[in-house]
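A short worksheet on the structure shown next.
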Amino acid sequence: MKKFYITTTLPYVNADPHIGFALEVIQADVIARYKTLQGFEIFFNTGTDEHGTKIYEKAKESKLPPEKYCDEYAERFKKLKEKLNLTYNNFIRTTDDHHIKAVQKFWKKCQENGDIYKRNYKAKYCVGCEMEKTDSELENGRCPLHPNRKLEIIEEENYFFRFSKYQKPLLDFYKKHPDFVIPKHRYNEVIKFVEKGLKDFSASRLKEKMPWGIEVPDDPDHVMYVWFDALINYISCLGWPDNKKKFNNFWPGVQVAGKDNLRQQAAMWQAMLLSAGLPHSKQIFIHGFITADGQKMSKSVGNVINASDLVKKYGTDATRYFLLREIPDYEDGDFTYKRFEERYNSDLANDLGNLLNRTLTMIEKYCDGKIPKSTKDSEFSKQCEETWKKIDELMKVYKFSQILEEVFRLLSKANQYIDEKKPWELAKENEKEELEKVLYNLAETLRQFGIMLYPFIPNTSDKTREQLGLSEIDIKDFDFEKEKNWGELKSGIEIKKGKTLFPRLGNQ
RNA sequence: CGCGGGGUAGAGCAGUAGUAGCUCGCGAGGCCCAUAACCUCGAGGUCGCCGGUGCAAAUCCGGCCCCCGCAACCA
């Protein structure tokens with residue numbers, strides 16, 4: 001069986017999951033679901049990033065041992081699976097035993113390769129921010145956020161990773177793989193970054209200052225810096241280094257990440273893989289950010305949109321639909337409740353839900369509630385075929401919004417078709433054959449929608465199928481290629497008109 | 001000369017050379033199968049500004065202004 005591996009980045013567990021991460025994991029889920037339809041065996045990984053200073057301090061604040069604190073947050077992220085209807089089959093925590101062992105092994109490999117070395121490290125530290133500051137961040141030698149405080153100079157011995165050594169190999173690699181980073185402008189961005197020159201980066205901290213991390217092998221005074229450990233999850237989740245079979249089956253994979261993560265994913269992580277003698281990732285797909293009402297979401301502004309709240313208020317599919325349709329492909333997008341409800345009403349309620357409803361009502365009234373005789377010369381069969389082609393092309397470059405636009409265009413054609421053909425008149429005039437043809441075309445088109453929408457809004461896909469008298473898509477044995485063909489909807493099936501799919505919001 | 005994205009109808013966006021498009025909203029009409037839904041038509045834009053190249057520019061080139069991220073561990 002063909003294999004496919006996809007992973008999200010691991011969110012840091014110092015806050016509740018917000019819709020930015022929801023977007024990422026939903027996008028990954030769409031890809032995974034589509035690949036599954038195509039017959040791939042999927043390994044779909046997500047999880048939580050749990051080490052590092054911020055978490056250590058957050059835990060202290062909430063008077064919990066870090067382990068407990070992480071447990072609590074990891075649970076909240078795990079709940080997304082249900083809430084967002086995700087199909088991931090692996091959830092890694094960077095505090096998992098096997099991950100820790102893998103990280104230490106990875107470290108040793110880099111060390112054997114001469115890429116880890118110790119040197120004195122000096123950094124400027126702002127106590128106000130509790131953060132190191134680089135020179136570029138300073139204004140007149142002071143932290144712009146806390147200009148009254150003097151910066152502390154911290155000095156300690158750190159291990160460094162020889163990032164600089166990989167400038168040329170990385171550039172060669174990018175050149176050979178023009179699709180390595182999607183979209184193109186992110187690909188260009190990372191090349192520019194690497195061309196500018198790479199500085200070795202610090203890969204460890206003194207344990208006495210920051211104990212919450214993975215121990216450096218053979219040097220218990222040091223723990224690794226959090227991202228060095230975190231990046232390795234993309235292979236430790238596959239059982240590397242022990243489970244060679246699984247690793248070889250699935251690696252390399254596609255990594256979905258936010259634009260803030262471009263350098264880490266596309267440059268640092270790739271250099272680390274080179275150092276450890278492992279193959280590069282297959283592809284990095286970078287998505288944009290979500291603003292709330294045009295503003296960056298932040299706790300201090302108090303405008304953070306929480307994924308769970310959306311699901312609670314509007315449901316899983318409406319949330320998925322909004323994020324996939326309204327956030328522009330590759331770019332930043334804006335969230336507002338107004339826009340959300342507009343999308344919901346116009347697309348999901350008026351176009352999709354209403355089409356299903358009116359079609360099924362007519363089948364009940366005019367065809368005894370049974371799918372009528374199938375027709376060959378459908379005006380829709382060709383359009384469905386073309387839409388499938390477009391979906392396939394666009395899916396390769398992760399243009400989810402465009403795909404949904406295409407699918408809903410087809411939907412709108414179906415609504416037009418009803419007005420054109422006026423089945424109610426055909427019924428009055430007893431034009432049975434034409435009437436059945438029209439209704440079959442509509443029902444079959446709806447069946448096709450059901451499949452097209454499966455990666456995006458799976459519950460709706462199920463419900464649509466159910467109301468057409470079909471069973472839900474059982475992903476394990478669903479013959480996708482066959483089901484895409486026009487006419488797979490058998491006549492005589494009894495429909496099961498059910499509840500309104502998406503009741504309109506804000507009526508009244 | 002730090003890096004990147006953006007400035008197109010009231011709002012949100014698509015469109016990378018050849019009659020300016022989509023969704024929502026707005027106005028008029030149609031229909032009655034349907035979730036006050038659906039369908040048709042219409043109003044509304046000097047495509048940020050200035051200059052250049054072209055028969056032709058939102059689209060290419062140069063300059064400028066404005067907005068938003070990032071600036072080496074926050075999706």
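Just so it is clear: chains get the letters A, B, ... in the order the sequence lines come, proteins before strands, and each one is counted from 1. Basis for what follows: all heavy atoms, side chains included, without hydrogens, waters or symmetry-related copies. Not measured: the values here are computed from a predicted model.
Residue contacts shown for A:Asn357 include a base, since a base heavy atom lies under 4.0 Å away. Within 4.0 Å of A:Asn188, counting heavy atoms only, lies no atom of the nucleic acid at all. Nucleic acid contact class of A:His185 (heavy atoms, under 4.0 Å, all strands): sugar-phosphate only. A:Ser346 comes within contact range of the sugar-phosphate backbone alone, with a heavy-atom separation under 4.0 Å but no base atom that close.
Judged by atom type and distance alone, A:Asp332 does not reach the base of B:G6 through any side-chain donor-acceptor pair under 3.5 Å. Applying the 3.5 Å distance criterion, the base of B:A34 shares a donor-acceptor pair with the side chain of A:Asn354.
Nucleotides B:G42 and B:G21 are separated by 11 Å at their P atoms, to the nearest Å.
Across B:G5, B:A72, B:G2, the shortest atom-to-atom separation from the side chain of A:Lys196 is found for B:G2. Checked against B:A75, B:C24, B:C33, the side chain of A:Tyr366 finds its nearest nucleotide in B:C33. Residue A:Met362 has its side chain nearest to B:C33 when only B:A14, B:C74, B:C33 are considered. Comparing B:C38, B:G69, B:C33 by their closest approach to the side chain of A:Thr361 singles out B:C33.
Proximity of residues 254-262 of chain A to RNA chain B (heavy atom under 4.0 angstrom from any strand atom) is restricted to A:Gly258, A:Lys259, A:Asp260, A:Asn261.
Its glycosidic angle being more than 90° from 0, B:G52 falls on the anti side.
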(request) Convert the base pairs of RNA chain B into dot-bracket notation, remembering that pairs crossing earlier ones are written with [ ] and that bases paired across to another strand are shown as |; include only Watson-Crick or G-U pairs under 3.5 Å. (result) .(((((((.[[[[.)..(..]]]].(((((.......))))).....[[[[[..)....]]]]])))))).....
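Going from atom CZ of A:Phe322 over to atom CG of A:Leu404 covers 12.5 Å, rounded to the nearest 0.5 Å.
Test A:Tyr166, A:Phe161, A:Tyr159 against A:Phe201 for ring pair (Phe, Tyr, Trp, His ring centres under 6.0 Å) and you get one pass: A:Phe161.
Residue A:Arg504 places at least one side-chain N or O under 4.0 Å from the OP1 or OP2 atom of B:A37.
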